[in-house]
Engineer: 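The structure under discussion is supplied below as structure tokens; questions concerning it will follow.
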Amino acid sequence: MEHRTHTCGQLTSKENDLKVVLNGWVNSIRLHGQIIFIDLRDRYGKTQLVFDSKTFLGDFEIVKKLSLEDVLAIEGIVSLRAQSAFNKNIITGQIEILVSNILLVNEAKPLPFVISNRNSAEENLRLKYRYLELRTEELQNNLIIRHKAYQAVRSYLSNNDFLEIETPVLMKSTPEGARDYLVPSRIHEGRFYALPQSPQLYKQILMIAGFDRYFQIVKCFRDEDLRSDRQPEFTQIDIEMSFVDEYHVMDYMEKLTKHVFKTVKNIELDTPFEKLTWSKAMDSYGSDKPDLRFELKLTDFKEYALKSSFKTFFEADAIKTVIVNNADLFTRKKIDNLTDIAKTCGAKGLAWFKVGNNELSGGISKFFDEDLSLEMIETLNLSENDILFIVADSHKVACTALGAIRIEIAKHLNLIDVGVFKPVWITDFPMFDHDDMDQLTPMHHPFTAPKIDNINDLNLDQKNILSRAYDLTINGNEVAGGSIRNYDPKIQSKIFELLKMNKDEIDSKFGFFIEALKYGTPPHGGIAFGFDRLVMLLSGSDNIRDVIAFPKTTSANSLMDNSPSNVSNLQLEELNIKINES
RNA sequence: GGGGCUGUAGUUCAGUUGGUUAGAACGCCGGCCUGUCAAGCCGGAGGUCGCGGGUUCAAGUCCCGUCAGUCCCGCCA
């Protein structure tokens, strides 16, 4: 048979009477005795084939035996359907192919699940047969969107003088940040490379080298526990710029984001993006990655709580509330569910009461006397059928618990419009966090510049120093994060000291980098986009695995090829590695 | 590391208070059928109830452990 003349998503009434050759997979079969309909599918679409025993030239018995996902080549004539037989659901629905000849190119075994319906199998089975799941329209679309996003990113950045430069995948292990994936060196016994958690140091060194605008679409690896938006290997759009401050970076990145949404999905994002300081985001939304598609802001409730007779309130650092309408939609069961959510965030409980006709009811309402109730109704602007959820705890727990509840309430009340995109920059992060031992740890990473005028300020009140970091959040997803970096080696060294890294450690881990900073470093800063999360937003998926061709499970297994797997003793011996039997 | 949910036919699920031979739909196999597009009709095959242990006269069902998937907390600069 000749090579294919058209794809399965191409033919319309314009090609009526044309002789064509098509290739594709059997998507569905409708057998009617002497006439057989087959939908032939490729990535471009579906075309209906008609096999009529009267006109078909080949062996009709072969056609009768075809099964789903067989690969075919067919020859036939494009034929306009009767108007009553049009299929409006597919592009090629006006025509069908009157087949004269067929070649069964390759047979398919009976399938482990129904390919036309992704819900016909659980995810573990679909991942084992990922090549079959990837034939579904949904995943094909997701990967097409991903492709368009790569191209949009490259064209925007390239047109704005950013150079795409590759950095090593085998690199030095450093102690900061996430757990490294390690790669043993055969040549250097007992030594290891690490896979990059990000190309952070390389891109800063590229700035020192004078490539004042760099980007890379690059795989990064972090050996930490996974989530629905986290994979052990993931893709970043890694970007760095010289002679800029945070506003230059944010401006370019807004334009990049806008360009990507416009080219890939024809969505216009309003610029400039909204900006929120970290402390305002935590205070109002209980999250450093707030979803701004709905309101439900947190309100300070301490003033009223302290006037109540509810003793639990009296010891708490912070008391916050979220005020919600539609109290009648919150059953006992739903409130219990919200309480569980609050508890997973560390809250000891979730207090609540409902607002009736100028009085409170349910929950902890009895701890508020009539005067206090009226005062609250007045000053908090409460109306009938409101419900208030209250958490009293440390400031952090009160905010994050209510932040989690805020999101669940929005889902429960259907307040989230899925077609809307609300980007927001989060700025003014604290420079440092602290661990259980009260030791300072970097909130962003140790190369982030502090927001100070004088190096001596680093000696004072470290917990209140802000950094020059910024995150881009869209609809509650942290899509990008970056900062202006330390280009003064003295400040960089000082920060390592504050992080309690001793001189030897600094020398052996980062010595080469501090040394590099001393040879004429331009002021610089950058950002990295979580490319998978960005594609997830563009595709409307709620799961990162749906936008990655071959993802791993939440325990970092690849169910299709069964990695990770054991290796031979010979391989281990070459690497001088011994496995502990336990 | 901790918690929630899930695991029964090829697949998705049902399976009552622990009680006879574990059901349905789709898929598969066979038959009928010339206008379907989730085709229809008739018939058939198909099960170590994730795995291991325990309680019991009796376990898909209860208990303990374990494995896998998933969601969340910790963690992920």
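Just so we're on the same page: letters track the sequence lines, and every chain starts at 1. Basis for what follows: all heavy atoms, side chains included, without hydrogens, waters or symmetry-related copies. All figures in this text were calculated on a predicted structure; none of them were measured in a lab.
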Engineer: Taking atom P in both B/G1 and B/U12, compute the distance separating them and give it to the nearest angstrom.
Structural biologist: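 Their P atoms lie roughly 29 Å apart.
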Engineer: Under the 3.5 angstrom rule, does the side chain of A/Thr92 hit a backbone N or O of A/Leu11 as a donor-acceptor pair?
Structural biologist: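 Side chain of A/Thr92 to backbone of A/Leu11, a donor-acceptor pair under 3.5 Å: no, none is there.
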Engineer: Whole-Å distance between B/G10 P and A/Lys128 NZ?
Structural biologist: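 After rounding, the gap between these two atoms is 12 Å.
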Engineer: Assess the side chains of A/Thr441 and A/Asp433: does a donor N or O sit below 3.5 Å from an acceptor N or O?
Structural biologist: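 Note: A/Thr441 and A/Asp433 side chains miss the donor-acceptor criterion.
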Engineer: Taking atom CH2 of A/Trp25 as the centre, does the number of heavy atoms from other residues, nucleotides or ligands within less than 6.0 Å exceed 12?
Structural biologist: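 Check fails, neighbour count at 12 or below.
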Engineer: Looking only at atom C1', what distance separates B/G15 and B/A24, rounded to whole Å?
Structural biologist: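 That atom pair is separated by 11 Å.
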Engineer: Rounded to the nearest angstrom, tell me the gap between atom CD1 in A/Ile544 and atom C1' in B/C76.
Structural biologist: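 One finds 12 Å between C1' of B/C76 and CD1 of A/Ile544, rounded.
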Engineer: Mind checking who B/G10 pairs with, Watson-Crick or G-U wobble, both distances under 3.5 Å?
Structural biologist: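 Pairing partner: B/C26.
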Engineer: Produce a footprint string for nucleotides 35-49 of chain B: one letter per nucleotide, 5' end first; B if the base is under 4.0 Å from any protein heavy atom, S if only the sugar-phosphate is, - if neither.
Structural biologist: BBB-B----------
Engineer: For the residue pair A/Tyr129 and A/Tyr131, categorise the inter-ring angle as parallel (less than 30°), tilted (30 to 60°) or perpendicular (more than 60°).
Structural biologist: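 If you compare the ring of A/Tyr129 with that of A/Tyr131, the planes turn out perpendicular.
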Engineer: What is the distance, to the nearest angstrom, from the CG atom on A/Leu125 to the C1' atom on B/U11?
Structural biologist: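 Taking atom C1' of B/U11 as the reference, CG of A/Leu125 is at 8 Å.
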Engineer: Whole Å only: how far is the CZ atom of A/Phe51 from the P atom of B/U34?
Structural biologist: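 Rounded to whole Å, this separation is 17 Å.
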Engineer: Sticking with atom P, work out how far B/G27 lies from B/A59, rounded to a whole angstrom.
Structural biologist: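 That atom pair is separated by 36 Å.
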Engineer: Under 4.0 Å, counting only non-hydrogen atoms across every strand here, what does A/Lys54 touch: a base, just sugar-phosphate, or nothing?
Structural biologist: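 Base contact.
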Engineer: Any side-chain donor paired with an acceptor under 3.5 Å for A/Asp52 and A/Gln34?
Structural biologist: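 Judged by distance alone, the side chains do not pair up.
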Engineer: Determine the Euclidean distance between corresponding C1' atoms of B/U17 and B/U56; express it in Å to zero decimal places.
Structural biologist: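 About 15 Å, rounded to a whole number of Å.
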Engineer: Check whether any side-chain N or O of A/Glu224 sits under 3.5 Å from a backbone N or O of A/Arg179 as a donor-acceptor pair, and report yes or no.
Structural biologist: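 Yes: the side chain of A/Glu224 pairs with the backbone of A/Arg179.
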Engineer: Figure out the CG/C1' separation between A/Asn337 and B/C5, and round it to whole Å.
Structural biologist: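 Value for this atom pair: 13 Å.
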Engineer: Can you check the A/Asp340 CG to B/C5 C1' distance for me, whole Å?
Structural biologist: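 Interatomic distance, CG of A/Asp340 to C1' of B/C5: 13 Å.
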Engineer: What nucleotide among B/C13, B/U11, B/C76 has an atom nearest to a side-chain atom of A/Glu122?
Structural biologist: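 For A/Glu122, the side-chain atoms sit closest to B/C13.
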Engineer: Write down the partner of B/C32 under the Watson-Crick or G-U wobble criteria, each distance required to be under 3.5 Å.
Structural biologist: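 Across all strands, the one nucleotide that pairs with B/C32 is B/G40.
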Engineer: Within the 4.0 Å limit for protein heavy atoms, which parts of nucleotides 67-72 of chain B are touched? Write it as a string from 5' to 3', B for base, S for sugar-phosphate only, - for none.
Structural biologist: --SBSS
Engineer: Are A/His524 and A/Gln204 close enough that some pair of their side-chain heavy atoms sits under 4.5 Å apart?
Structural biologist: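 When only atoms from C-beta onward are counted, A/Gln204 and A/His524 do touch, with a gap below 4.5 Å.
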Engineer: Could you state the atom-to-atom distance from CZ of A/Phe60 to P of B/C33 in whole Å?
Structural biologist: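 Result: 12 Å.
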Engineer: Would you mind pulling out the nucleotide paired to B/U61, Watson-Crick or G-U wobble, both distances under 3.5 Å?
Structural biologist: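 Partner of B/U61: none.
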Engineer: Taking only the P atom of each, what is the distance from B/C71 to B/C63 in whole angstrom?
Structural biologist: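 About 26 Å, rounded to a whole number of Å.
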Engineer: Answer yes or no: are there more than 12 heavy-atom neighbours, outside A/Glu497 itself, under 6.0 Å from its atom CD?
Structural biologist: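 Counting neighbours around CD of A/Glu497, more than 12 heavy atoms of other residues, nucleotides or ligands fall under 6.0 Å, so yes.
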Engineer: Side-chain N or O of A/Lys65 less than 4.0 angstrom from OP1 or OP2 on B/G30?
Structural biologist: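 True: A/Lys65 side-chain N/O within range (under 4.0 Å) of B/G30 OP1/OP2.
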Engineer: How close or far is atom C1' of B/C76 from atom CZ of A/Phe221, stated in whole angstroms?
Structural biologist: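 Result: 16 Å.
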Engineer: Measure distances between side-chain N and O atoms of A/Asp225 and base N and O atoms of B/G74, and say whether any donor-acceptor pair falls under 3.5 Å.
Structural biologist: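 Pair found.
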Engineer: Taking atom C1' in both B/A22 and B/U36, what distance in whole Å separates the two?
Structural biologist: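 These two C1' atoms come out 37 Å apart once rounded.
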Engineer: Is there a donor and acceptor pair closer than 3.5 Å between the side chain of A/Arg230 and the base of B/C75?
Structural biologist: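 Indeed there is one.
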Engineer: Rounding to the closest angstrom, what is the interatomic distance between B/U8 and B/C51 at atom C1'?
Structural biologist: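 Nearest-Å result for B/U8 against B/C51 at atom C1': 14 Å.
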Engineer: Got A/Leu499 and A/Pro442 here, is their nearest side-chain heavy-atom distance under 4.5 Å?
Structural biologist: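 In contact.
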Engineer: Which whole number of Å gives the distance between the P atom of B/G65 and that of B/A45?
Structural biologist: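 42 Å, rounded to whole Å.
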Engineer: Are there more than 12 heavy atoms of other residues, nucleotides or ligands under 6.0 Å from atom CG of A/Asn566?
Structural biologist: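 No.
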Engineer: Just checking A/Pro442: base, sugar-phosphate only, or nothing, at a heavy-atom cut-off of under 4.0 Å?
Structural biologist: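 Sugar-phosphate, no base atom in range.
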Engineer: Less than 4.0 angstrom from a charged side-chain N to a carboxylate O is my criterion; do A/Glu505 and A/Lys500 meet it?
Structural biologist: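 Result for this pair is no, no salt bridge flagged.
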